[in-house]
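Naming: A, B, ... by sequence-line order, numbering from 1 per chain.
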There are 2 protein chains.
Amino acid sequence: MATNAKVYIVDDDDDMRNSIQWLLESANLPVCAFESAEQFLASYNENKPGCLLLDVRMPGMGGLRLLEYLQSIHRHLPVIMFTGYGDVDTAVRTLKAGAFDFLEKTANHQLILERVRLALAEGETLHRRELDRTRCKQLLTKLSPREHEVMLRLIQGQANKLIAIELGLSERTVEKHRKNIMEKTNVGSIAELTRLFYAHDSEVV
Amino acid sequence: MATNAKVYIVDDDDDMRNSIQWLLESANLPVCAFESAEQFLASYNENKPGCLLLDVRMPGMGGLRLLEYLQSIHRHLPVIMFTGYGDVDTAVRTLKAGAFDFLEKTANHQLILERVRLALAEGETLHRRELDRTRCKQLLTKLSPREHEVMLRLIQGQANKLIAIELGLSERTVEKHRKNIMEKTNVGSIAELTRLFYAHDSEVV
DNA sequence: AAGTCAATGGGTAGTTCTACCCATATCCAG
DNA sequence: CTGGATATGGGTAGAACTACCCATTGACTT
């Protein structure tokens, strides 16, 4: 059973776009098609899971530039670069730029469907990770500036007394901040707080 | 100034191998050449930084299979797949298999050198990360089985009392284990211990 | 003007952790 | 067989943390 993950199609060729859209919808995949990179960007919501089937050669913003732009923003939308004339150089540049896959339009339907399903699954995985990450970030942004300062020292393992000295505060004040931090971030120990903080950039097994 | 990072070349074609070796050595890069994947594997030391310039088509174990094998072991040796007849399908499969780059042998010397230098730099970065990771692992493997068990609960933020109950021990014994753990891993707090443990799979910024 | 929040500081009691001291039993290697 | 590591348990004292209570100041909002 699929989630609400969508397949976005960006291709300026009406026939090709409609043909692919038909193919994917026949396989019960939710599709959203655009005829230019600009139109896609205007309506794309990065907080929904999905994958992107992207034509390389288009008037205006080309596929490679859109790919690079998307990668510079985030990397939780797997991109399948879709091309009519596959040359090695484009394929290499595309994949090194972070594309999930590189497909030729002449590929048979079975293969295309298979690759799209893989990209969709990857998109859902990345989306879940992103949700976790933003959840952590939101917890930490609830802290006031002072609390954030104290938090950074707590996850280094500094004792209240040391923090008080270094920040020129009384121990009582640090204790108060510490309590607020642990309430706001909803953790029961410094170990949990440490994991919460470092979960930004890591994927724990 | 380069470190001791080496460029490994694996190619069954003598002329090509020597030509590339000459090119790289002219640029003052340390080179180690092999005429088969098997010979390379026999003498490759995975604990040294470097990169691999790998021919696709070879008798015996082919380039793609060697790449996949190496990726299954670790991923701190960047591989540049080097091919005479670049077709899109091979390029895509190679890069999706985790290759760092895909180069055609017809490329000019300047380009080859540039790509090799990039791979070498990447190899050094990956090597440094690997050193950190193994350092953490070594610290943690110094723990006895019982200590490891206690450690896992400590980094979850469990209190000595709870650990004692769950493991059917006295608090005194848990305290003793805790002390030994922190001495062996050379940390001054549970927060540090937590970071040490989760540094296995993460790259902290 | 009143209310809320952040930041500051204090007291007191109870829990938890750390640092010392002590001991016993097992197992493995020199 | 003796020493070392592992695992177990106890006592005691002090440091650190937690959970309550109290208060003032300043800034921003309603």
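Side-chain contact between B:Thr185 and B:Leu140 is present, with heavy atoms from C-beta onward closer than 4.5 Å. Using a 4.5 Å cut-off on side-chain heavy atoms (C-beta onward), B:Leu52 and B:Leu67 make no contact. Side-chain contact check for A:Leu126 versus A:Leu77: every heavy-atom pair is 4.5 Å or farther apart.
Rounded to a whole Å, the CD1 atom of A:Ile190 is 12 Å from the P atom of C:dC17. Nucleotide D:dG9 holds its P atom 11 Å from the CG atom of B:Leu167, rounded to whole Å. The separation between A:Leu193 atom CG and D:dC17 atom P is 14 Å, rounded to whole Å.
Within 6.0 Å of CG on B:Asp89 lie more than 12 heavy atoms contributed by other residues, nucleotides or ligands. Taking a 6.0 Å sphere around NZ of B:Lys142, one finds it holds more than 12 heavy atoms contributed by other residues, nucleotides or ligands. Within 6.0 Å of CZ on A:Arg153 lie more than 12 heavy atoms contributed by other residues, nucleotides or ligands.
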**Request:** Could you give me the CA-CA distance, side-chain angles and deciding distance for B:Arg146 and B:Glu149, then say whether salt bridge (charged side-chain N to carboxylate O under 4.0 Å, His left out) is met?
**Result:** CA-CA 5 Å; B:Arg146 202 55 155 166; B:Glu149 206 168 356; 3.1 Å; yes
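Positionally, the nearest nucleotide of DNA chain D for B:Leu143 lies more toward the 5' end than for the other of B:Gly168 and B:Leu143.
The stretch residues 149-165 of chain B does not touch DNA chain D, since none of its heavy atoms comes less than 4.0 Å from the strand. Residues from residues 169-188 of chain A that place a heavy atom under 4.0 Å from any atom of DNA chain D, listed by number: A:Glu175, A:Arg178.
In this structure, A:Phe40 and A:Tyr8 have perpendicular ring planes: the angle between them is above 60°, well past the 30° mark.
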What's touching nucleotides 24-26 of chain D from the protein side, N or O pairs under 3.5 Å?
none

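Only one option out of B:Lys105, B:Arg17, B:Arg57, B:Gln21 pairs with B:Asp11 in a side chain to side chain donor-acceptor pair (under 3.5 Å); it is B:Lys105.
Of the inter-residue distances, the one linking B:Arg178 atom CZ with B:Met151 atom CE reads 13.0 Å to the nearest 0.5 angstrom.
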